[in-house]
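These notes concern the structure reproduced below.
Hydrogens, waters and symmetry mates play no part in the numbers below; they use all other heavy atoms, side chains included. Lettering follows sequence order; numbering is per chain, from 1. What you see is a predicted model, and the numbers here were worked out from it, not measured in a lab.
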8 protein chains.
Amino acid sequence: MEKKLVSIVMGSDSDWSVMKQAAEMLDQFGVDYEIDLVSAHRTPGKLYDYASKAHERGVAVIIAGAGGAAHLPGMLAAISPLPIIGVPVKSSNSIDGWDSVLSILQMPAGVPVATVALNGAKNAGILAAQILSTSDSSILNTIAQYKQELQKQVMIKAENVKNQQGVK
Amino acid sequence: MEKKLVSIVMGSDSDWSVMKQAAEMLDQFGVDYEIDLVSAHRTPGKLYDYASKAHERGVAVIIAGAGGAAHLPGMLAAISPLPIIGVPVKSSNSIDGWDSVLSILQMPAGVPVATVALNGAKNAGILAAQILSTSDSSILNTIAQYKQELQKQVMIKAENVKNQQGVK
Amino acid sequence: MEKKLVSIVMGSDSDWSVMKQAAEMLDQFGVDYEIDLVSAHRTPGKLYDYASKAHERGVAVIIAGAGGAAHLPGMLAAISPLPIIGVPVKSSNSIDGWDSVLSILQMPAGVPVATVALNGAKNAGILAAQILSTSDSSILNTIAQYKQELQKQVMIKAENVKNQQGVK
Amino acid sequence: MEKKLVSIVMGSDSDWSVMKQAAEMLDQFGVDYEIDLVSAHRTPGKLYDYASKAHERGVAVIIAGAGGAAHLPGMLAAISPLPIIGVPVKSSNSIDGWDSVLSILQMPAGVPVATVALNGAKNAGILAAQILSTSDSSILNTIAQYKQELQKQVMIKAENVKNQQGVK
Amino acid sequence: MEKKLVSIVMGSDSDWSVMKQAAEMLDQFGVDYEIDLVSAHRTPGKLYDYASKAHERGVAVIIAGAGGAAHLPGMLAAISPLPIIGVPVKSSNSIDGWDSVLSILQMPAGVPVATVALNGAKNAGILAAQILSTSDSSILNTIAQYKQELQKQVMIKAENVKNQQGVK
Amino acid sequence: MEKKLVSIVMGSDSDWSVMKQAAEMLDQFGVDYEIDLVSAHRTPGKLYDYASKAHERGVAVIIAGAGGAAHLPGMLAAISPLPIIGVPVKSSNSIDGWDSVLSILQMPAGVPVATVALNGAKNAGILAAQILSTSDSSILNTIAQYKQELQKQVMIKAENVKNQQGVK
Amino acid sequence: MEKKLVSIVMGSDSDWSVMKQAAEMLDQFGVDYEIDLVSAHRTPGKLYDYASKAHERGVAVIIAGAGGAAHLPGMLAAISPLPIIGVPVKSSNSIDGWDSVLSILQMPAGVPVATVALNGAKNAGILAAQILSTSDSSILNTIAQYKQELQKQVMIKAENVKNQQGVK
Amino acid sequence: MEKKLVSIVMGSDSDWSVMKQAAEMLDQFGVDYEIDLVSAHRTPGKLYDYASKAHERGVAVIIAGAGGAAHLPGMLAAISPLPIIGVPVKSSNSIDGWDSVLSILQMPAGVPVATVALNGAKNAGILAAQILSTSDSSILNTIAQYKQELQKQVMIKAENVKNQQGVK
C-alpha cells in the first residue's frame with residue numbers, strides 16, 4: 001500500500017454520529033482512511049490484534065473515539081508505535097464528559113495520546129492530516145487553504161454582523 | 001490449588017505504598033494472595049496473559065490499583081470473568097485524583113469494576129475477603145469480628161474524648 | 001434457603017427505572033434475588049433490621065441504589081458483614097450526579113462499598129453474579145458466555161460500520 | 001435537666017482538632033454541651049441509640065462533624081427530631097473536601113441537615129447558640145455582643161492597615 | 001406579636017417556584033411566616049433595614065433563597081443576630097448550581113449560614129420548624145409525626161415494589 | 001472622533017444572541033459602540049490589526065465574548081493597552097462553561113481581563129459604561145438612575161409577592 | 001481632591017499579602033490610592049457607608065479582595081455606582097479557591113463585578129490604571145511602556161534559554 | 001535545513017523545569033529541536049512571527065507549554081499550518097491545573113491542538129517523535145525499542161515486587 005492511511009476506530013457504533021466528522025475532514029483533505037469498531041472493554045482481543053498490526057498494513061495515524069471510562073485510545077497507544085489521536089465522546093451517563101476527557105488525556109509518562117476537545121472529531125481529522133502533511137507538502141497546502149477558507153468565512157459573516165448593526 | 005487466591009496487581013511499583021494495605025488486610029483475614037506488577041500501558045501483553053489465565057490457576061478476585069488515566073482495572077475486567085476491584089491511586093501529576101477515580105469508576109454497561117475510594121486499598125482488601133466469604137463462613141466470621149473490633153476501638157476512644165472534655 | 005440470594009434495595013421507588021437493570025442481569029444469569037425499598041433517611045429502623053438480618057436468611061450480596069447524599073449503601077456496609085454494591089443514581093436536584101458518586105464511593109477505611117458507575121445498575125447485577133460465581137462454576141460459565149456475546153455483537157456491528165463506509 | 005444542651009459528636013477522634021472550635025464558641029456563649037464519638041460506619045448501633053434518645057435527655061441541637069463519605073449528620077437527622085448541624089471535615093484522602101461537603105449538604109427532601117462551611121466547626125457552635133437564642137434572650141444578647149466585637153476587631157485592624165500604608 | 005415568626009425572603013420573584021416549598025412545610029407544621037422579596041444586589045438598602053429589624057418584630061428564623069453569586073443569606077447573617085437558613089437556588093446561567101452552593105455555604109468563621117441542598121427549600125421549612133421546636137414541644141411532636149408519616153409512605157411503596165416484582 | 005467608543009467583538013456570529021445584551025445596555029446608557037466579528041483562532045491576523053489600532057480610532061473599552069478555549073479576550077489584552085472586558089459564552093460542546101470561564105479569567109500577571117459571569121454580556125455593557133463614567137458624569141448619573149430603577153422594580157414585585165401570599 | 005483615586009479594600013488583613021500587589025502596580029503607574037479594611041460579613045455597616053460615599057470623595061475605581069464566600073466585591077457593586085474590580089483570594093479553608101472565584105464572578109444581570117484571576121491582585125492594579133487611562137493619556141502611555149517592558153524581559157530571558165540550550 | 005526540526009516553545013522560563021523533559025525525549029530519539037520563549041500575552045508580536053514562519057525554516061512539529069489561561073498552543077495552531085502539541089503546565093495560582101488543561105484542550109472546530117496530560121512534557125516529546133516517524137522508519141524503530149525498554153523495566157520491577165512479597 002503506497003499511500004498512507006488513517007484509521008478511525010470507535011468503541012461503539014453510537015459514537016459514529018460524532019466520529020464521522022473526522023472522516024468528513026479527511027475526505028476534504030484527500031486523505032485515505034479506514035473505519036472500524038474496536039471496543040477496549042468488549043473486544044479486547046480485537047483491540048490487541050488491531051493495535052499490533054495497524055502500522056504493518058500502511059496505517060500511519062489512528063484516531064480513536066470513546067466515552068465514559070474511555071480506555072480505547074490509551075490501550076491503542078500502549079500497543080501500537082503509531083501516533084494515536086483520542087476523541088473524548090460525551091456519551092449518555094457520562095458525568096458531563098469529565099470521565100471521557102480525563103481517562104483519555106491523563107496518560108502516564110511514556111505513552112502519549114494526542115487528545116482533542118470533547119466531541120472534537122472534526123479536529124481529530126484535521127490533526128491526522130497535519131501529521132501526514134509533515135511529509136506530504138500537497139496536504140500541507142490543502143491545510144493552508146483550509147485555514148484561509150476559515151478566515152474568509154469569518155470575514156463574510158463579519159460584514160453581515162456590521163451591516164446589520166452598524167456603528168452607532 | 002485448593003484454597004482460593006486473591007491477586008493484587010498494580011501499574012507501578014510506586015503504587016505499592018498504597019496497595020500494601022490491601023495485602024495487610026488479607027493477612028489479617030487469613031486470605032491467600034499473590035502480588036504482581038502489570039502495567040496496562042507499558043506491558044499490555046502481560047496484561048492480556050495475566051487477565052485471561054488468572055481464573056485458571058485459582059485466583060478468585062483481582063484487586064487492581066492504578067493512577068492517572070487508570071486503565072488497568074477496566075482492562076482486567078474486559079478480559080477476565082472474575083470480579084475486579086479497582087483502587088484509584090492518587091499519583092503525582094494526577095488532577096487531584098479525579099482522573100484515577102473517573103477512569104476506573106465510569107465503566108460502560110457490561111463490564112463492571114468494583115471501585116473503592118481514592119487510595120482505598122485497605123477497603124479493597126476487606127471487600128475481596130467479603131467476596132470470598134460468600135462461600136466461606138470462616139472468613140465471614142472473621143469479618144464480623146473485625147467489625148466488632150472497629151466498634152470497640154471507637155468505644156474506647158469515645159471514653160477518652162468524653163473524659164478529657166466531659167459534659168459541662 | 002439453599003441457593004444464595006442477591007438483595008436489590010433502593011431508597012425511593014423513583015430509583016426503580018434505573019435499578020431494574022440489575023434485576024434484568026440477574027434474571028439473565030439465573031441468579032435469585034429479592035427487591036425492597038429501604039430508605040436510610042426515611043426508614044432508618046428498617047435499614048437497621050434489614051442490614052443486620054440479611055445474611056441470616058440467605059442473602060449473599062446486597063445491591064443498593066441511592067441518589068443525592070446517598071447514605072444507603074454505606075450504612076448497609078456499616079451494619080452487614082456482606083459485600084455491598086453501591087449504585088449512584090442521578091436523581092433530580094442532584095448536582096450532576098457528583099453528590100451520589102462521592103457519598104457512595106468515598107467510604108472510610110474499614111467499611112468498603114463496591115461502587116459502580118453513575119446509574120450503573122446493569123453492572124451492579126453483573127458484579128453480584130461475578131461474586132457468586134467465585135463459588136459457583138455454572139455462573140462463571142454464564143458470565144464467560146455473556147462476555148463472548150458482548151464481543152459477538154460488536155463484531156456484527158463492526159461489519160455494518162465497515163460495509164456502510166468502506167475503506168476509501 | 002433544666003438548661004438545654006448542645007451535643008457535639010464526631011465520627012473519629014482525629015476530627016477533634018476541627019470540632020473543638022464548636023466547643024470553644026459554646027463556652028464563649030455560656031451554652032452547655034456534651035461531646036461524644038459516634039461513628040455512623042463503625043458504631044451504627046450507638047448511632048441509633050444516640051440519635052433516638054438525645055432529645056429525651058435535654059439535648060436541643062446536635063452538631064455532627066465527619067469527613068469523606070460523611071453519613072453521620074444525615075443519619076442523625078434521619079433518626080432524631082432535633083435540628084442537626086453538619087460540619088464537613090476535610091479528612092486525609094478526601095477529594096479536596098468535596099466528598100464531605102456533598103454527602104452532608106445534599107440531603108433528600110424531608111430530612112434537613114444545617115450544613116456549614118468545610119471545617120466550619122466554629123460557625124457550627126455559633127449557629128447552635130443562635131438556635132437556642134430563639135427562646136433565650138440572654139444568648140441572643142451575647143450573640144449581638146459577639147457581632148459587635150467582630151466589628152470592633154476589624155475596625156482596629158483597619159486603622160493598622162491604613163496607618164501602615166496611608167493614603168498616598 | 002406573641003407567636004414566633006419565620007421570615008422567607010428571596011432575591012427574585014423567579015425564585016418563588018422553589019421557595020414556596022418552604023412555605024408549604026411551615027403551613028403543614030402550623031408555623032407562622034411572612035414572605036418578602038429582598039435583593040442583596042438590587043435593594044441593598046432594604047436588605048440592611050430588613051436584617052437589622054427582623055428580630056425586633058417577632059421574626060425568629062430567616063430563610064433566604066438566592067442563585068448565582070448568592071449574597072443574600074450571608075449578608076442577612078452579617079447584619080441580623082438571628083439564625084439564617086440559606087437555600088441555594090439553581091438559577092438560569094448558574095454554573096450547574098455550584099456558584100449558588102459555594103457562595104452560601106462557605107461563610108467565614110464568625111458568621112454562619114445554615115445551608116441546605118440545592119433547591120432544598122422544603123428542607124429549609126422543616127429546619128426552621130425544628131429550630132422553633134427547641135422551645136415549643138407541640139412543633140416537636142408535629143415533626144416526630146411527620147417523620148413517622150415519611151416512614152409509613154416508604155413502607156406502603158415498599159409493598160408495591162415487592163408485590164410487583166416479588167422474590168424470584 | 002470626539003465621543004469615546006466601546007467596541008463589542010465576538011469570535012463567532014453564534015455568540016451574538018448573548019452579546020447583543022451588551023449592545024442593548026450601551027444603547028440604554030447612551031454610549032456609542034461598534035460591533036465586529038474577530039476570531040482569535042480563525043482570523044488571527046485581523047485580531048492583531050484590530051487590537052493594535054482600536055485605541056487609535058477612539059475606542060476606549062473593548063468587550064469581547066468567546067466560548068470553549070476562549071482566547072479572544074486574553075489576546076486582545078495582550079496587544080491592546082485598553083481595558084478589556086471578557087464575556088465567557090457557554091457554547092455547544094463546552095464542558096458546562098468551565099472552559100470559557102477559566103480560559104478568560106485566569107490570565108497571567110501583567111495582562112488583565114475584566115471577566116464577567118458566564119453569558120454575562122448585559123453586565124459587560126454596564127461595566128463598559130461604568131468605565132467611561134469615570135470621566136463622564138452624565139453617564140455616572142444614568143448609572144445611578146439605572147440602579148434606582150432596578151431597586152424600584154424589586155420593590156413593586158415585592159408588593160406582588162406579599163399581597164399574593166400575605167403574612168399568615 | 002483633583003486627581004482620581006483608586007480604593008483598595010479587603011475583607012481581612014490576612015488578604016494584604018495578596019492585595020498589596022495591586023498597590024505596587026498603582027505606585028508603578030503613578031496612580032493615587034487609599035487602602036482600607038471593609039468586611040462584608042463583620043462590618044456590614046461600614047460597607048454601606050464606604051460604598052455609598054466613595055464616589056463623592058474622588059474615588060473612581062474600587063478594587064476589592066475577599067476569600068471563601070466572598071461577598072465584598074458584589075455588595076460594593078450593589079451600592080456604589082463605580083466600577084468594582086473583584087480579586088478572588090485563596091484563603092485557608094477555601095475549597096481550592098472555587099468558592100472565592102464563583103461568588104465574585106457569577107453576579108446577576110444588572111450588577112457587574114470586573115473579576116480577575118485567583119489571587120490576581122497585580123492585574124487588578126493594572127486594570128484600575130487602564131480604567132483611569134480612558135481619560136488620562138499619560139497613564140495610557142505608562143501602560144503602553146509597561147507592556148513593552150514585559151515584552152523586553154521575555155526577549156532577554158528567551159536569549160538565556162536559547163543560549164543555554166541551543167538548537168541541536 | 002535537511003532534517004526536520006521540532007520546536008519547543010513555552011510562555012515563561014519557569015515552565016522549563018517541566019518542558020525540558022520534552023527535549024530529553026527528543027535527544028533520546030535522535031530528533032533535532034530548537035527551544036524558544038514565546039509568550040502569547042507578553043510577546044504577541046513574536047508569537048505571530050514565530051508561528052507564521054516556523055514551517056518555512058524546517059520546523060515540522062511545535063510543542064508548546066503554558067499554564068493558567070494558556071493561549072500559546074491555541075494561538076500557534078491558529079496561525080501555523082503545522083501540528084501543534086500542547087502541554088498544560090500546572091503553574092502557581094493555577095486552579096489545580098484545570099485552567100491550563102481546559103484552555104488548551106477545548107479548541108473550537110477547525111483549529112486542533114494535540115493536548116497531552118498536565119505537565120506531560122515527556123509525552124509531548126514522544127508524540128513529536130511519533131509524528132516524524134510517520135515518514136522516518138528509523139525513528140519508528142527507536143520508538144518500538146523504547147516501548148520494549150519500558151516493558152522490560154516493568155518486568156524487572158515486577159520480579160522485585162514478587163520476590164519481596166511473594167505468594168503467601
Between E:Ile35 and E:Met10, is the side chain to side chain contact (heavy atoms under 4.5 Å, CB included) condition met? List the steps. CA-CA 8 Å; E:Ile35 301 169; E:Met10 65 211 89; 3.7 Å; yes
Across chain E and chain G, what donor-acceptor pairs are shorter than 3.5 angstrom?
residue: E:Pro44; atom: O; partner: G:Tyr48; partner atom: OH; Å: 2.5
residue: E:Ala69; atom: N; partner: G:Gln106; partner atom: O; Å: 3.0
residue: E:His71; atom: NE2; partner: G:Ser103; partner atom: O; Å: 2.9
residue: E:Asn93; atom: O; partner: G:Gln106; partner atom: NE2; Å: 3.2
residue: E:Asp99; atom: OD2; partner: G:Gln106; partner atom: NE2; Å: 3.0
residue: E:Ser103; atom: O; partner: G:His71; partner atom: NE2; Å: 2.9
residue: E:Gln106; atom: O; partner: G:Ala69; partner atom: N; Å: 2.9
residue: E:Gln106; atom: NE2; partner: G:Asn93; partner atom: O; Å: 3.2
residue: E:Gln106; atom: NE2; partner: G:Asp99; partner atom: OD2; Å: 3.0

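Contacts of E:Ile95 with chain G are made by both backbone and side-chain atoms, with heavy-atom separations under 4.5 Å. Using a 4.5 Å cut-off between heavy atoms, G:Ala70 touches chain E through its backbone atoms (N, CA, C, O) alone.
Between G:Val6 and G:Ile85 there is no side-chain heavy-atom pair separated by less than 4.5 Å. Side-chain contact between E:Met19 and E:Ile63: present, with at least one pair of heavy atoms (C-beta onward) separated by less than 4.5 Å.
Residues E:Leu76 and E:Ala64 come closest through the heavy atom pair CD1-CB, 3.5 Å.
Of the listed residues (E:Ala66, E:Gly74, E:Ala109), the greatest number of heavy-atom pairs within a distance under 4.5 Å of chain G belongs to E:Gly74. Heavy-atom pairs under 4.5 Å with chain E were tallied for G:Gly11, G:Gly110, G:Ala40; the largest tally goes to G:Ala40.
Among residues at least two apart or in separate chains, there is no ring pair (Phe, Tyr, Trp, His ring centres under 6.0 Å) pair with a member in residues 122-143 of chain E.
The CG atom of G:Leu118 sits 12.0 Å away from the CG atom of G:Leu105 when rounded to the nearest 0.5 Å. Put simply, CG on E:Leu132 and CG on E:Leu127 are 10.0 Å apart, with the number rounded to the nearest 0.5 Å. A distance of 8.5 Å separates CD1 in G:Ile143 from CD1 in G:Ile126, rounded to the nearest 0.5 Å.
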